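As the structure lists them, so they are numbered: ligands from 1, and atoms in each ligand from 1. Values in this document were obtained by computation on a predicted structure and should not be read as measured data.
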Amino acid sequence: MLTWALLALFLGFLFWVSRKPSGLPPGRWGLPVIGYIPLYTTNIGQIISDLRKEYGDIFTWKVGGQVLVGLCDYKLIKSTFSRPECQGRPKFFTFEVAQLHTNTGIVNAVGDVWMQGRRFALRHLKDFGMGKSSLESVIQYEAVHLAKSFEATSGKPVEISWNVNVAALNVLWKLVANRRYETDNKEITRFNEAVSSDVEVTQTRCLPLDLFPGLHKILPKFILHGWMKVDLLYQNMEKLKEFAMEIIKEHEKNFDPDNLQDYIDVYLSETRKGDNKGTIFQEDYSNLAVTICDLFVAGSHTTSSTMRWMVALLATHPEVQKKMQSEIDSVVPRDRPPSIQDREKLPYTEAVLLEVMRFSSLVPLGIMHATTEDVQIGEYHLPKGTGLFASARTCHRDPKYFERPDEFYPEHFLDEGGKVITRKEGFLPFSLGRRQCLGEILARMELFLFASCLVQKFSAAPPEGRTISPISDPTKPFLSFIEPYEVVLTLR
Ligand code: HEM
């Protein structure tokens with residue numbers, strides 16, 4: 001009897017301490033400890049869409065120990081993500097592993113470390129050509145090289161895989177370390193494998209560790225390392241950091257203050273100025289190493305996956321592909337690849353690329369933010385530490401913004417005069433506000449030069465008698481990579 005009474009008392013206490021604080025937006029709170037975990041589906045996009053239908057454009061979802069607030073309206077996301085007190089990151093286990101458990105780098109860093117790192121990277125990556133014509137020849141070289149790699153398999157079914165990753169990686173390597181790799185280079189293969197495996201494990205098996213803080217401390221090793229592959233996550237991070245460190249050491253050895261050639265050089269130069277107290281420029285270079293990993297993790301698979309979506313969507317929409325090809329043919333002679341100067345004269349091509357980004361919603365929930373202090377959003381009060389996610393996919397499929405939300409329809413990005421609309425309400429593939437993707441101008445430039453060069457040279461089609469389904473795995477919540485497919489690229 002006493003046991004039952006104590007149990008009831010304990011449960012009552014548990015419900016009381018874990019009740020929903022007043023002021024949060026309406027939504028699902030669920031049970032103590034577990035929160036709300038729907039059993040009807042593992043498709044997070046579906047859950048968010050259902051919560052939005054039930055509660056509107058802002059709702060609360062407590063899942064595990066994390067209190068998350070979902071934002072599903074473009075204007076609301078824009079205003080919230082421009083506020084300084086909404087620029088934190090939630091305390092997710094995988095975010096912490098990516099930073100090697102210290103506040104470093106850019107993507108997962110917070111506060112002053114984030115601000116310093118972001119400013120320094122933006123300034124100097126631009127100095128080395130990010131978004132400028134000086135980088136064009138580097139990207140064009142990779143584009144032509146990529147197109148060449150498909151010539152040997154012209155007319156045969158192929159997967160668009162490794163060579164697209166190398167092209168995107170090489171552009172980053174040029175900016176960061178002034179180097180370039182061939183597709184068969186063992187170092188870059190290992191580097192890419194570590195990035196891929198990191199992305200895969202983070203959004204699948206390790207997800208419960210993000211949602212239930214402290215779970216990694218109590219789970220038995222055979223679950224943690226055997227099933228969840230946490231040791232693989234650490235090994236990948238160590239591998240990436242080691243690789244970055246080796247390159248930093250090489251740069252140190254050959255450092256010439258009068259000839260700074262890349263991002264690592266300017267970072268070393270800043271560090272050597274001395275008096276670095278309270279700055280990110282520490283002599284152990286751990287911040288630089290994590291920043292390098294961040295740039296590669298954030299900038300390589302995103303660009304190459306968008307390319308994979310594009311080829312699949314063109315192969316399944318031959319009328320769009322034809323229109324894009326005739327536009328390119330009318331502006332660019334066949335004996336040279338398209339250049340940035342041609343961009344203005346290729347509005348349909350640009351519209352196709354923007355539509356690929358809308359349709360694929362590659363980062364459907366953005367990267368989660370968190371409040372760094374108590375915040376008032378309209379009538380709602382969000383306590384410090386509340387997770388915030390911007391549902392880009394919901395905006396991208398909202399008929400309020402897009403005439404045919406579920407179709408691949410490049411005209412979404414053309415005005416009545418046929419001019420391209422690059423900034424459109426409802427469109428946020430790179431997120432919005434103060435943490436908006438740092439590599440957006442680079443990504444847009446790469447996508448334009450890679451895509452226009454490929455489409456100028458090849459026509460894409462599904463292999464004879466087969467179809468291509470441009471869909472992603474709905475159970476992977478953070479990155480909507482297209483399901484692997486084979487396509488026939490035929491030289492024109
Ligand atoms: C199609 C390609 C890309 C897409 C769709 C994309 C998308 C995004 C998104 C949605 C975010 C989250 C922003 C937020 O926290 O609100 C982000 C952050 C970031 N991206 Fe990209 N990205 C792409 C390419 C790149 C490239 C090429 C780079 C490399 C320079 C890059 C570097 C970063 C960095 C460093 C951040 C973290 C920014 C911060 O926390 O302040 N991204 N990206």
Subject >> Closest to atom 26 (C) of ligand 1 among Ala392, Ser305, Pro364, Gly299 (heavy-atom distance) >> reply: Gly299
Subject >> Short N or O distance, Arg89 and ligand 1, threshold 3.5 Å exclusive >> reply: yes
**OP:** Give me the ring orientation class for Phe191 and Phe243: parallel if the planes are under 30° apart, tilted from 30 to 60°, perpendicular past 60°.
**Re:** tilted
**OP:** With heavy atoms only and a cut-off of under 4.0 Å, state how Thr306 meets ligand 1: side chain, backbone, both or neither.
**Re:** side chain
Original post:
So between Gly117, Pro429, Cys437, whose heavy atom ends up nearest atom 10 (C) of ligand 1?
Top reply: Pro429
**OP:** Write out the residue and atom name of the closest protein heavy atom to atom 11 (C) of ligand 1, then the distance separating them to 0.1 Å.
**Re:** Ile367 CD1, 4.0 Å
Original post:
With sequence neighbours excluded, what pairs up with Tyr348 under the side chain to side chain donor-acceptor pair (under 3.5 Å) test?
Top reply: none
Original post:
Got a sec: does the NZ of Lys249 have more than 12 other heavy atoms crowding it under 6.0 Å?
Top reply: yes
Original post:
Counting only N and O atoms by type, is there a donor-acceptor contact under 3.5 Å from the side chain of Arg435 to the main-chain atoms of Gln87?
Top reply: yes
Original post:
Of all the atoms in ligand 1, which lie at a distance below 4.0 Å from a heavy atom belonging to His369?
Top reply: 14 (C), 15 (O), 16 (O)
**OP:** Note the single closest protein heavy atom to atom 13 (C) of ligand 1, along with its residue, its atom name and the distance in Å.
**Re:** Arg435 O, 3.2 Å
Subject >> Atom indices of ligand 1, in the order listed, that fall short of 4.0 Å to a heavy atom of Ala443 >> reply: 2 (C), 24 (C)
Original post:
Quick one: does ligand 1 sit under 4.0 Å from the side chain of Ala298, the backbone, both or neither, non-hydrogen atoms only?
Top reply: both
**OP:** Do me a favour and list the nearest non-hydrogen protein atom to atom 23 (C) of ligand 1 with residue, atom name and distance?
**Re:** Thr302 OG1, 3.5 Å
**OP:** Return a yes/no value for Gln436: is any of its N or O atoms, backbone included, closer than 3.5 angstrom to an N or O of ligand 1?
**Re:** no
**OP:** Assign the ring pair Tyr267 / Tyr285 to parallel, tilted or perpendicular, where the plane angle (0 to 90°) is split at 30° and 60°.
**Re:** perpendicular
**OP:** For the pair His145 and Tyr141, name the ring-plane relationship: parallel under 30°, tilted 30 to 60°, perpendicular over 60°.
**Re:** parallel
Original post:
With distance as the sole criterion, is a donor-acceptor pair present between the side chains of Glu483 and Ser469 under 3.5 Å?
Top reply: no
Subject >> Centroid separation Phe402 to Tyr409 less than 6.0 Å >> reply: no
Subject >> Identity and distance of the protein heavy atom lying nearest atom 37 (C) of ligand 1 >> reply: Val107 CG2, 3.8 Å
**OP:** Please work out which of the three classes, parallel, tilted or perpendicular, describes the rings of Phe427 and His396, given edges at 30° and 60°.
**Re:** tilted
**OP:** For atom 4 (C) of ligand 1, state which one of Phe296, Phe430, Trp114, Trp309 supplies the nearest heavy atom.
**Re:** Phe430
Original post:
For ligand 1, does Arg434 get within less than 4.0 Å through its side chain, its backbone, both, or neither, judged by non-hydrogen atoms?
Top reply: neither
